Amino acid sequence: MNYFSSDFKLGILGGGQLGKMLLNETRKFDIQTYVIDPSAEAPSKIACNKFFQGDLMDFDTVYNFGKQVDVLTFEIENVNVDALEKLEREGVKVYPSSKNLRTIQNKATQKLFYLDHNLPTSTFSRFAYASEIEDAIANGGLKCPFVWKSTQFGYDGTGVKIVRSLQDLEHLPKGECIAEELVDFKTELAVIVARNSSGEVKTYPVVEMEFHPEANQVEYVICPARIPEAIAKKAQDVALAVSKAYNHVGLLAVELFLTKDDKILINEVAPRPHNSGHQTIEASYTSQFEQHLRAILNLPLGETKSKLGGIMVNLVGAENYTGDVIYENIEAIMKMEGVTPHIYGKKQTRPFRKMGHVTIVNENLNTAREVAEKVKNTIRVIS
């Protein structure tokens with residue numbers, strides 16, 4: 001099929017920053033794009049051929065949008081899967097598939113999938129209602145501390161809480177949830193796996209993630225991870241096994257724990273471009289966004305090696321600031337060597353909202369990490 005400068009239409013469900021960065025690549029290749037998002041102010045609005053405003057969880061909205069395009073992809077998991085299933089039955093290509101999205105959307109079914117496929121993950125219990133957790137603690141079936149996760153609609157640290165005592169259960173949402181064993185890990189890692197429908201598979205280098213202690217959000221992504229080669233190989237092997245089990249098309253970001261005794265455990269996955277791959281825009285031969293396009297269009301996959309060491313710093317709204325956004329000291333970080341800011345196009349800031357990211361590239365990863373610290377301490381997202 002001719003995708004370039006043609007009548008071919010690629011549909012994207014979700015018009016946030018991931019969609020906006022994907023659209024950089026569709027514009028590079030002159031691929032026609034339709035985007036739908038609930039917000040009239042969606043960052044992707046400025047970069048697509050046609051923009052539609054609509055509810056991604058509404059069956060008719062997603063179905064009617066999908067009927068207009070040849071291939072449908074998504075940049076957010078919270079979309080109506082029943083509509084995707086019907087579109088697939090009627091011949092629209094949906095990548096990643098509705099089957100995979102249905103499994104991944106719910107954290108309980110995702111965890112059960114790993115157990116069913118003998119993939120390493122932490123132990124967990126599933127609860128239909130949060131109120132059942134207290135009973136499980138009372139009868140000795142569950143011990144604190146553990147990690148509470150809402151099974152659906154969690155993102156960027158929401159829908160996740162470490163429960164150390166019964167008091168921590170107060171004010172939690174009442175619905176379905178899981179309680180995961182609190183893993184004693186050395187570091188959190190991630191591997192992005194790309195796969196096209198011909199079965200060609202490539203992995204990006206293992207990255208290491210440093211988290212904000214309060215917001216439960218990634219602060220730094222470090223590529224390559226500062227781990228021994230044997231551990232990196234083990235992490236990539238686990239990620240490839242996950243990819244094979246899902247048999248996905250597109251990108252699969254596999255988040256992992258490296259335990260104190262050097263075991264690799266799967267935390268969770270995302271079937272799309274991911275925060276742990278933003279440094280690929282500057283640091284890799286093929287960015288994760290170009291790779292996602294190549295994969296879903298069944299084009300040859302690009303080279304995943306890094307040109308340089310890369311670190312990504314998330315730009316999130318500073319605490320106590322809500323309103324029209326100001327990027328304080330952005331000129332100061334732009335003076336620093338190897339530093340590239342990416343601004344997502346969200347006009348309103350609020351505490352911990354993802355507003356952009358900054359990539360730092362350097363031949364020396366330690367130098368890049370020092371510059372990343374300076375960037376983090378210099379720029380502030382305020383109002």
Side-chain angles (χ1 to χ4, degrees), residues 3-4 10 17-31 33 47 73 75 95-96 189-209 218 220-227 229 232-233 235-237 239-240 243 248-256 270-314 336-342 356-369 371-372:
Y3 303 111
F4 313 102
L10 173 66
Q17 65 263 20
L18 297 174
K20 184 182 175 213
M21 288 184 271
L22 185 62
L23 290 165
N24 280 343
E25 306 303 328
T26 60
R27 288 161 74 101
K28 183 168 83 182
F29 291 138
D30 197 31
I31 293 168
T33 49
T73 191
E75 58 113 60
Y95 297 128
L189 306 172
V191 180
I192 291 176
V193 187
R195 186 178 179 281
N196 65 21
S197 54
S198 295
E200 186 188 3
V201 178
K202 289 197 176 181
T203 63
Y204 280 90
V206 184
V207 302
E208 175 186 342
M209 297 185 287
V218 176
Y220 301 103
V221 172
I222 298 162
C223 183
R226 298 164 295 183
I227 52 175
E229 211 169 298
K233 172 80 167 65
Q236 288 196 314
D237 287 347
L240 284 166
S243 165
H248 70 101
V249 171
L251 292 191
L252 192 70
V254 184
E255 295 183 52
L256 305 160
R272 52 170 171 77
H274 190 252
N275 200 233
S276 63
H278 288 346
Q279 75 292 338
T280 61
I281 299 171
E282 275 78 32
S284 304
Y285 286 98
T286 310
S287 80
Q288 65 164 342
F289 299 98
E290 180 181 328
Q291 196 76 294
H292 183 71
L293 261 190
R294 285 172 177 247
I296 62 174
L297 301 180
N298 201 28
L299 296 165
L301 297 181
E303 175 58 72
T304 52
K305 284 185 192 139
S306 301
K307 302 177 200 171
L308 294 162
I311 295 186
M312 190 277 305
V313 178
N314 269 330
M336 299 175 192
E337 194 177 329
V339 170
T340 307
H342 292 256
H357 73 263
V358 180
T359 313
I360 299 95
V361 292
N362 199 290
E363 283 169 15
N364 184 312
L365 197 61
N366 293 330
T367 305
R369 180 64 183 78
V371 175

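The model shown is predicted, which means the values in this text are computed figures rather than measured ones.
Nearest heavy-atom pair, A368 versus I360, reported as atom, atom and distance to 0.1 Å: O-CG2, 3.6 Å. Closest heavy-atom contact between F29 and F4: O-CD2, 3.3 Å. The two residues I311 and L365 come nearest to each other via the heavy atoms CD1-O, 4.0 Å. Taking all atoms of both residues into account, the shortest heavy-atom contact from G250 to I296 is CA-CG2, 3.9 Å. Nearest heavy-atom pair across V249 and A295 is CG1-O, 3.6 Å. Closest heavy-atom contact between L189 and A235: CD1-CB, 4.4 Å.
For the residue pair H274/E255, the side-chain donor-acceptor check at 3.5 Å is satisfied. H292 and E25 share no donor-acceptor pair across their side chains, judged by distance under 3.5 Å alone. Judged purely by distance below 3.5 Å, without hydrogens or angles, the side chains of T359 and Q279 never pair a donor atom with an acceptor atom.
Between the side chain of N314 and the backbone N or O of H357, no donor-acceptor pair lies under 3.5 Å. For E208 (side chain) and A225 (main-chain N/O), no donor-acceptor pair under 3.5 Å exists by modelled atom type. Side chain of T73 to main chain of Y95: a donor-acceptor pair is present (N/O by atom type, distance under 3.5 Å, no hydrogens or angles). Looking only at distances, no side-chain donor or acceptor of T26 sits under 3.5 Å from a matching main-chain atom of T33. Of the possible donor and acceptor atoms, none in the side chain of S306 sits under 3.5 Å from a partner among the backbone N and O of G309. Although no hydrogens or angles enter the test, the distance criterion places no donor-acceptor pair under 3.5 Å between the side chain of N362 and the main chain of T367.
Put simply, CD on Q291 and CG on L22 are 12.0 Å apart, with the number rounded to the nearest 0.5 Å. In this structure, the separation between OG1 on T286 and NZ on K202 is 7.0 Å, given to the nearest 0.5 Å. Atoms CG and CD1, on N366 and I222 in that order, are 9.5 Å from each other to the nearest 0.5 Å. Rounded to the nearest 0.5 angstrom, E303 CD and Y204 OH are separated by 9.0 Å. Separation of atoms CD (E75) and CE (M21) is listed at 9.0 Å; rounding is to 0.5 Å. Here the CG atom belonging to L10 is positioned 6.5 Å from the CG atom belonging to L293, to the nearest 0.5 angstrom.
For the pair H248 and S243, the minimum side-chain heavy-atom distance is below 4.5 Å. In this structure, N196 and L297 have side chains that are not in contact, with every pair of non-hydrogen atoms separated by 4.5 Å or more. Between T203 and L240 the shortest side-chain heavy-atom distance falls below 4.5 Å. Within the 4.5 Å cutoff, the side chain of S287 has heavy atoms near those of the I281 side chain.
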Checking S276 against M209 for the side-chain contact (heavy atoms from CB on, under 4.5 Å) test, could you report, in this order, the C-alpha distance in whole Å, the side-chain angles of both residues, the deciding distance, and whether it holds?
CA-CA 8 Å; S276 63; M209 297 185 287; 4.0 Å; yes
So L299 and Y3, side-chain contact (heavy atoms from CB on, under 4.5 Å) or not? Walk me through it.
CA-CA 10 Å; L299 296 165; Y3 303 111; 4.1 Å; yes
Chi angles and distances behind the side-chain contact (heavy atoms from CB on, under 4.5 Å) call for V339, V358:
CA-CA 7 Å; V339 170; V358 180; 3.5 Å; yes
Take F289 and N24 through the side-chain contact (heavy atoms from CB on, under 4.5 Å) test and state the conclusion after the steps.
CA-CA 8 Å; F289 299 98; N24 280 343; over 6 Å; no
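Note on K233 versus E229: no salt bridge recorded, every NZ/NE/NH1/NH2 to OD/OE distance being 4.0 Å or above. Ion pairing between E282 and K307 fails under the 4.0 Å rule for side-chain N and carboxylate O. Checked for salt-bridge contact, R195 and E200 miss the test: no charged N lies under 4.0 Å from a carboxylate O.
By the 6.0 Å contact criterion, NZ on K28 is enclosed, its count of non-hydrogen atoms from other residues, nucleotides or ligands being greater than 12.
Tested against H278, the residues H342, Q288, Q17 include a single side chain to side chain donor-acceptor pair (under 3.5 Å) partner, Q288.
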